[in-house]
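For the single chain, residues carry numbers from 1 onward in sequence order. Both ligands and their constituent atoms are indexed starting at 1 by order of listing.
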Amino acid sequence: MMTHLIVVGAQWGDEGKAKVVDQLAEFADMVIRSQGGSNAGHTVKFKGETFKFHHLPSGLLYEDKTCIIGTGVVLAPDFLQEELDSIHAKGYSTQNLKISDRCHLTFPYHIAQDKQQETLRSTCTNGTKIGTTGKGIGPTYMDKVGRMGIRVADLFEPETVLKEQLASILTQKELQQLFTLEELYTLAMRYKTILAPYACDTLAILQNALKAGKQLLFEGAQGTLLDIDFGTYPYVTSSNATAGGACTGTGVGPSKIDATLGVMKAYLTRVGEGPFPTELSDTVIGERICEIGVEYGTTTGRKRRVGWFDAVIARFGVEVNGLDGIALTKLDVLDSFETIDVCTGYVHIETGQHYDRLPTSLTLLSQLKPIYETHAGWLTDTTDCKTFQALPANCQAYVKRLEQLMDCPVWMVSVGPDREQTFMRRHPFSLETV
Ligand code: GDP
Ligand code: IMO
Ligand code: MG
């Protein structure tokens with residue numbers, strides 16, 4: 001039996017990670033978030049209700065699972081409170097939630113800085129803003145790395161550590177015109193009230209769980225191509241959304257991890273700016289995929305950009321995450337298409353040179369166009385399919401071709417948003433063929 005599993009987004013986010021994690025949580029003792037923060041928008045559909053998680057791990061609907069917000073997550077306490085309130089309003093408890101006291105906090109000046117940077121970028125760099133979620137994520141991580149962040153633990157030493165750090169921040173960031181020390185302190189004390197029931201040393205909980213042989217499920221946020229190191233920089237988020245982030249963001253070492261599952265859509269989407277070789281936005285097919293797939297952002301409501309499945313991107317995801325298997329989602333969205341294209345590589349528009357790897361340079365990437373192979377569609381409703389064999393033959397052939405192009409097996413297939421609309425071919429925990 002495999003015991004510790006990482007689930008990561010292997011494209012540009014919104015792959016359906018939450019649905020997969022919610023389903024796999026049944027087999028785990030703990031569900032742990034390790035990076036990102038309120039920029040994430042994770043949708044779980046359960047018993048006819050829709051839940052949208054931002055900071056909270058997607059296993060929270062199970063009463064018997066410990067859910068951990070790990071150290072690498074950045075927290076916006078007021079926003080977290082709204083999330084908690086919405087869960088409570090639906091009659092669910094959050095008593096199994098634990099929040100790392102090492103997490104860094106987002107303050108209003110981070111959100112203001114995020115928005116200001118976006119405005120400045122669009123005026124001075126050819127109008128190329130990042131298209132952030134506006135949640136202050138980049139500036140919070142900047143302060144963490146710059147050693148001027150406030151951690152949850154600091155709230156519990158208010159008269160010493162907190163006040164000293166706040167005073168230092170006001171000076172270092174030249175914020176005296178905007179905030180007084182007293183204002184920030186009062187805000188911090190509100191954050192303390194919100195976090196106090198949950199804050200603790202989650203590292204100790206996780207290390208004890210490892211010793212006790214508990215099963216751990218790590219839930220990634222964002223996706224591989226948004227990773228700060230390996231994504232399409234600078235059009236990325238500010239954390240490690242790749243599998244390594246699950247270790248650095250929780251304090252569970254890589255040697256403890258048994259398997260890594262990448263979540264991918266059967267096509268591709270992206271929110272925000274940045275390159276997207278197979279983009280179909282503003283085409284008839286693109287509009288159809290967007291409408292059928294309901295491709296609107298969970299956090300910001302922005303319309304997602306859509307495109308065909310890109311095997312270059314997928315192979316990249318398999319490599320940098322060391323994926324053992326794939327959960328392929330939203331296959332049903334392609335049910336009504338007569339033909340379906342898949343990008344197998346790129347060709348340079350001027351030199352004709354072929355590329356089968358994602359280049360580092362975005363200038364070069366902008367000069368590449370996809371090479372497509374066209375698949376016959378299956379024109380059959382797959383939303384009730386419960387096994388791989390039940391899928392139409394052309395649909396099976398599509399999945400098998402993706403496996404071949406990615407050099408990675410598809411372990412799980414999702415054919416609708418509900419918990420029941422998923423089947424396994426190989427169980428990511430037991431590794432048994434299903
Ligand atoms: P995440 O950020 O990776 O957790 O994904 P999001 O929740 O932001 O976006 C995925 C969306 O697709 C959500 O609205 C899900 O309810 C929905 N979804 C997930 N899997 C499927 C599927 O197999 N088919 C369809 N039609 N919708 C799905
Ligand atoms: P989940 O976890 C899709 C994108 C933003 C923007 C870039 C940087 O739901 O998959 P940020 O606010 O993080 O500084 O924005 O990253 N982005 C996401 N796109 N899904 C997400 O999360 C995202 N979180 C951030 O649109 O392009
Ligand atoms: Mg999302």
Open item on the list: Within the 4.5 Å heavy-atom criterion, are Leu56 and Ile69 side-chain neighbours or not?
Closed with: yes

Task: Backbone or side-chain N or O of Ser414 under 3.5 Å from ligand 1 N or O - done: yes

Task: From Leu226, Thr237, Leu225 - option closest to atom 18 (C) of ligand 2 by heavy atom - done: Leu226

Open item on the list: Out of the candidates Leu170, Leu175, Thr171, only one should pair with Lys173 under the side chain to side chain contact (heavy atoms under 4.5 Å, CB included) rule; please name it.
Closed with: Leu175

Open item on the list: Show the atoms of ligand 1 that are less than 4.0 angstrom away from any heavy atom in His42.
Closed with: 1 (P), 2 (O), 4 (O), 7 (O)

Open item on the list: Taking 4.0 Å as the limit for heavy-atom contacts, which would you say applies to Tyr235 with ligand 2: side chain only, backbone only, both, or neither?
Closed with: neither

Open item on the list: Does ligand 2 come near enough to Arg302 that some N or O of the ligand is less than 3.5 Å from an N or O of the residue?
Closed with: yes

Open item on the list: Just to be sure I'm reading this right: ignoring hydrogens, which of Gly220, Gly16, Gly41 gets closest to atom 2 (O) of ligand 1? Compare them by their nearest heavy atoms.
Closed with: Gly41

Task: atom 24 (N) of ligand 1: the protein heavy-atom neighbour that sits closest, reported with distance to 0.1 Å - done: Asp332 OD1, 2.8 Å

Open item on the list: Below 4.0 Å, non-hydrogen atoms only: which portion of Asp14 touches ligand 1? Side chain, backbone, both or neither.
Closed with: both

TODO: Answer yes or no: is there an ion pair linking Lys265 with Glu295, defined by an N-O contact shorter than 4.0 Å?
DONE: yes

- [ ] May I ask whether Val236 has any heavy atom positioned less than 4.0 angstrom from an atom of ligand 2?
- [x] yes

- [ ] Determine whether the side chain, the backbone, both or neither of Lys330 has a heavy atom under 4.0 Å from any heavy atom of ligand 1.
- [x] both

Task: Heavy atom of the protein closest to atom 23 (C) of ligand 2 (residue, atom name, distance) - done: Gln222 CG, 3.6 Å

Open item on the list: Just to verify, which of Asp14, Asn240, Asn39 counts as forming a side chain to side chain donor-acceptor pair (under 3.5 Å) with Gln222?
Closed with: Asn39

- [ ] Please state which part of Lys17 comes within less than 4.0 Å of ligand 2, counting heavy atoms only: side chain, backbone, both or neither.
- [x] side chain

Task: Protein heavy atom at shortest distance from atom 4 (O) of ligand 1 - done: Ala18 N, 2.9 Å

TODO: Report yes or no: does a heavy atom of Asp14 sit under 4.0 Å from some atom of ligand 2?
DONE: yes

TODO: Rounded to the nearest 10 degrees, what's the angle O of Gly41 makes with OD1 of Asp14 at the Mg ion (ligand 3)? Could you check?
DONE: 160°

Task: Check ion pair Glu420-Lys45 (N to O, under 4.0 angstrom) - done: no

Task: Proximity of Val415 to ligand 1 by residue part, where a heavy atom lies under 4.0 Å - done: backbone

- [ ] Please determine if Val271 has a nitrogen or oxygen closer than 3.5 Å to a nitrogen or oxygen of ligand 2.
- [x] yes

TODO: Compute the shortest N/O to N/O distance between Asp114 and ligand 2 and return yes if it is under 3.5 Å, no if not.
DONE: no

Task: Mutual orientation of the aromatic rings belonging to Tyr109 and Phe107 [parallel < 30°, tilted 30-60°, perpendicular > 60°] - done: parallel

Open item on the list: With a cutoff of 4.0 Å, is Gly41 in contact with ligand 2, counting heavy atoms of the residue only?
Closed with: yes

Open item on the list: How far is atom 16 (O) of ligand 1 from the closest protein heavy atom, and which atom is that?
Closed with: Pro417 CB, 3.6 Å

Task: From Gly231, Gly131, Gly272 - option closest to atom 6 (C) of ligand 2 by heavy atom - done: Gly131

- [ ] Check whether any side-chain heavy atom of Leu24 lies under 4.5 Å from a side-chain heavy atom of Met412, and answer yes or no.
- [x] yes

- [ ] Give yes if a backbone or side-chain nitrogen or oxygen of His42 is under 3.5 Å from a nitrogen or oxygen of ligand 2, and no if not.
- [x] yes

- [ ] Using distance alone, decide if ligand 1 has a nitrogen or oxygen within less than 3.5 Å of any nitrogen or oxygen in Lys45.
- [x] no

Open item on the list: Under 4.0 Å, heavy-atom basis, I'd like to know which part of Arg270 is in contact with ligand 2: side chain, backbone, both or neither.
Closed with: neither

- [ ] Give yes if a backbone or side-chain nitrogen or oxygen of Gly416 is under 3.5 Å from a nitrogen or oxygen of ligand 1, and no if not.
- [x] yes

- [ ] Specify the protein heavy atom at minimum distance from atom 9 (O) of ligand 1: its residue, its atom name, and the distance to 0.1 Å.
- [x] Arg304 NH2, 3.6 Å

